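Worksheet for the structure shown next.
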2 protein chains.
Amino acid sequence: MAQGTPGQTGQSLLFLTDEQLRKGIEAMFFAYRGFTADPDRILSDQGYGRAHHRAIHFIHRSPGTTVNNLLSVLGVTKQSLNRVLRTLIEDGLVASTVGKRDKRERHLTLTEDGAALERSLSDAQRDRMRHAYRTAGPEAVAGFRQVLEAMMDEEMRFYYDALKDRIDER
Amino acid sequence: MAQGTPGQTGQSLLFLTDEQLRKGIEAMFFAYRGFTADPDRILSDQGYGRAHHRAIHFIHRSPGTTVNNLLSVLGVTKQSLNRVLRTLIEDGLVASTVGKRDKRERHLTLTEDGAALERSLSDAQRDRMRHAYRTAGPEAVAGFRQVLEAMMDEEMRFYYDALKDRIDER
DNA sequence: CTTGGAATGTCAACAAGGCTGACGTATCTT
DNA sequence: AAGATACGTCAGCCTTGTTGACATTCCAAG
């Protein structure tokens, strides 16, 4: 496994075999499946899907966010998002309020019920993440985050870094 | 960042805040998007989708695998897989040969053309993975893999560990 | 003030790719 | 001969992505 010129310390593993890379690729594939499995199960019981989960997650993260903001973060078309949003609003999980400053905008927040669903979803997902973190150990966690961050598109790292895009003056 | 009772070395970071976990969750979300972006682009030009990519990947990994094997690895129904497989066979990217020992089975392999497409897809994906690995460094890579492996379902780790399920006696 | 363009959000229709259910056929296995 | 297994296919449904068309609102130039 250890090979290549032993000179450069940090560089010695720049020798990445296709096999190592393939293993990383498959790790992503299988892990992502596990990652989404629990929320998927919870949601399918209620007639929702992964798209609803994503919307709920990011509305929870940034209460009062606008549809356009959400669009950028999720990377889908507004029509696609709208369908999901409409059912969430109809079902009373999300509240949409017309912007005070700019009446074209809609500000999105979770209702009580929406927050409750969000909690059950993120509890499940956090449990799995916590389990993985504890199994792998703290140093592994740091590496995990570093690699994932390096794997994102630049554009997405922007949203990833921006913890909140809350808008306080409606 | 360093906190908790300093006694237990490996245990000191068992204190995982919801914020840390949420950050990990979003890292998975955004990174997976980047991870699939390049192949998606290549494929959409040719009228294929992510489902085709997955089939091609695992046929390449395990040449001669059977339909049933593929079904288990991919975790979809045979009707769903069949739709994808049919177009790949019609387009001459995948070859399906009747099993020698068991004539009910079909053994799947990539044709020349299929292998060429596979190469262009995995080149793109490996480039991104390589970039992430190099940016993050060798220690981060080990951690990355450890966390992902701990995040999989048991059942999936079985397929992940099984490098090949090649069947040599057709 | 008005008017035209830009931003925002909604409605309609279509496609990909999941799913279930039902069946047919060939081929083991007992 | 009978039942189980592997594979393919038809039909129909759902979620979630897409494009196109359109209504509303805002803002800035005339």
Side-chain angles (χ1 to χ4, degrees), chain A residues 32-33 36-37 39-59 64-91 94-108 167 170, chain B residues 29 32-33 36-37 39-41 43-56 59 64-91 94-108 165 167 169-170:
Chain A
Y32 197 76
R33 278 250 295 273
T36 55
D40 281 357
R41 245 190 309 276
I42 296 174
L43 285 161
S44 71
D45 293 344
Q46 317 186 215
Y48 293 139
R50 207 173 288 178
H52 299 84
H53 182 193
R54 291 196 280 261
I56 289 174
H57 175 97
F58 284 105
I59 293 173
T65 190
T66 65
V67 173
N68 236 5
N69 266 320
L70 213 46
L71 243 42
S72 312
V73 176
L74 296 176
V76 296
T77 59
K78 61 180 175 174
Q79 294 89 332
S80 203
L81 175 59
N82 191 254
R83 191 187 317 126
V84 167
L85 233 36
R86 198 185 329 164
T87 70
L88 290 174
I89 292 170
E90 277 169 8
D91 296 352
V94 167
S96 163
T97 66
V98 174
K100 199 176 239 173
R101 256 188 15 200
D102 188 333
K103 287 178 189 160
R104 291 172 301 181
E105 294 179 340
R106 300 293 129 85
H107 295 281
L108 304 168
I167 291 156
R170 314 269 169 90
Chain B
F29 172 72
Y32 196 77
R33 278 252 294 275
T36 54
D40 282 356
R41 246 190 309 277
L43 285 161
S44 72
D45 293 344
Q46 317 185 214
Y48 293 136
R50 206 172 289 178
H52 300 84
H53 183 194
R54 290 196 282 261
I56 288 173
I59 292 173
T65 190
T66 64
V67 173
N68 244 358
N69 266 320
L70 211 47
L71 244 41
S72 311
V73 176
L74 295 176
V76 296
T77 60
K78 64 174 176 178
Q79 293 91 329
S80 213
L81 175 60
N82 194 253
R83 192 186 317 135
V84 167
L85 230 37
R86 200 186 324 169
T87 71
L88 290 175
I89 292 170
E90 277 170 9
D91 296 353
V94 167
S96 164
T97 66
V98 174
K100 199 178 242 174
R101 252 190 17 202
D102 187 335
K103 287 177 188 160
R104 291 171 304 179
E105 294 180 336
R106 299 294 129 86
H107 296 282
L108 304 168
D165 59 347
I167 292 157
E169 340 88 45
R170 311 271 169 88

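In what follows, chains are A, B, ... by sequence order, proteins preceding strands, each numbered from 1. Since this is a predicted model, take the numbers as computed values, not measurements.
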Length of the [atom1]-[atom2] vector between [X] and [N], whole Å:
X	N	atom1	atom2	answer
R50(B)	dT18(D)	CZ	C1'	14 Å
N69(B)	dA6(D)	CG	P	10 Å
L71(A)	dT18(D)	CG	C1'	13 Å
Y48(B)	dA16(C)	OH	C1'	14 Å
D40(A)	dG17(C)	CG	P	18 Å
D45(A)	dT15(D)	CG	P	13 Å

H52(A): ring-ring contact (aromatic ring centres under 6.0 Å, His included) partners, not counting sequence neighbours = Y48(A)
For Y32(B), enumerate each residue passing the ring-ring contact (aromatic ring centres under 6.0 Å, His included) test, keeping only those at least two apart in sequence or located in another chain.
-> Y32(A), F35(B)
Using a heavy-atom cut-off of under 4.0 Å over every strand shown, decide if G47(B) touches base, sugar-phosphate, or nothing.
-> nothing
For residues I59(A) and L85(A), determine if any side-chain heavy atom of one lies less than 4.5 Å from a side-chain heavy atom of the other.
-> yes
R106(A) and V98(A), any side-chain heavy atoms less than 4.5 Å apart | yes
Distance check: side-chain N/O of R54(B) vs OP1/OP2 of dG18(C), anything under 4.0 Å?
-> yes
Are H52(A) and dT16(D) close enough that a side-chain N or O sits under 4.0 Å from OP1 or OP2?
-> yes
Sorted by chain and residue number, the salt bridge (charged side-chain N to carboxylate O under 4.0 Å, His left out) partners of D91(A) (sequence neighbours excluded) come out as none
In chain order, what residues pass the salt bridge (charged side-chain N to carboxylate O under 4.0 Å, His left out) check against R86(B), with sequence neighbours excluded?
-> none
Looking at DNA chain C, which of residues 76-90 of chain B put a heavy atom within less than 4.0 Å of it?
-> V76(B), T77(B), Q79(B), S80(B), R83(B)
Given side-chain contact (heavy atoms from CB on, under 4.5 Å), test T66(A) with H107(A) step by step and report yes or no.
-> CA-CA 5 Å; T66(A) 65; H107(A) 295 281; 3.9 Å; yes
What is the distance from atom CG of L81(B) to atom CG of L88(B), rounded to the nearest 0.5 Å?
-> 9.0 Å
Whether each nucleotide of nucleotides 25-30 of chain C has a protein heavy atom under 4.0 Å at its base (B), only at its sugar-phosphate (S) or at neither (-) is summarised, 5' to 3', as -BBS--
Polar side-chain atom of R33(A) near backbone of L74(B) as donor-acceptor pair, under 3.5 Å = yes
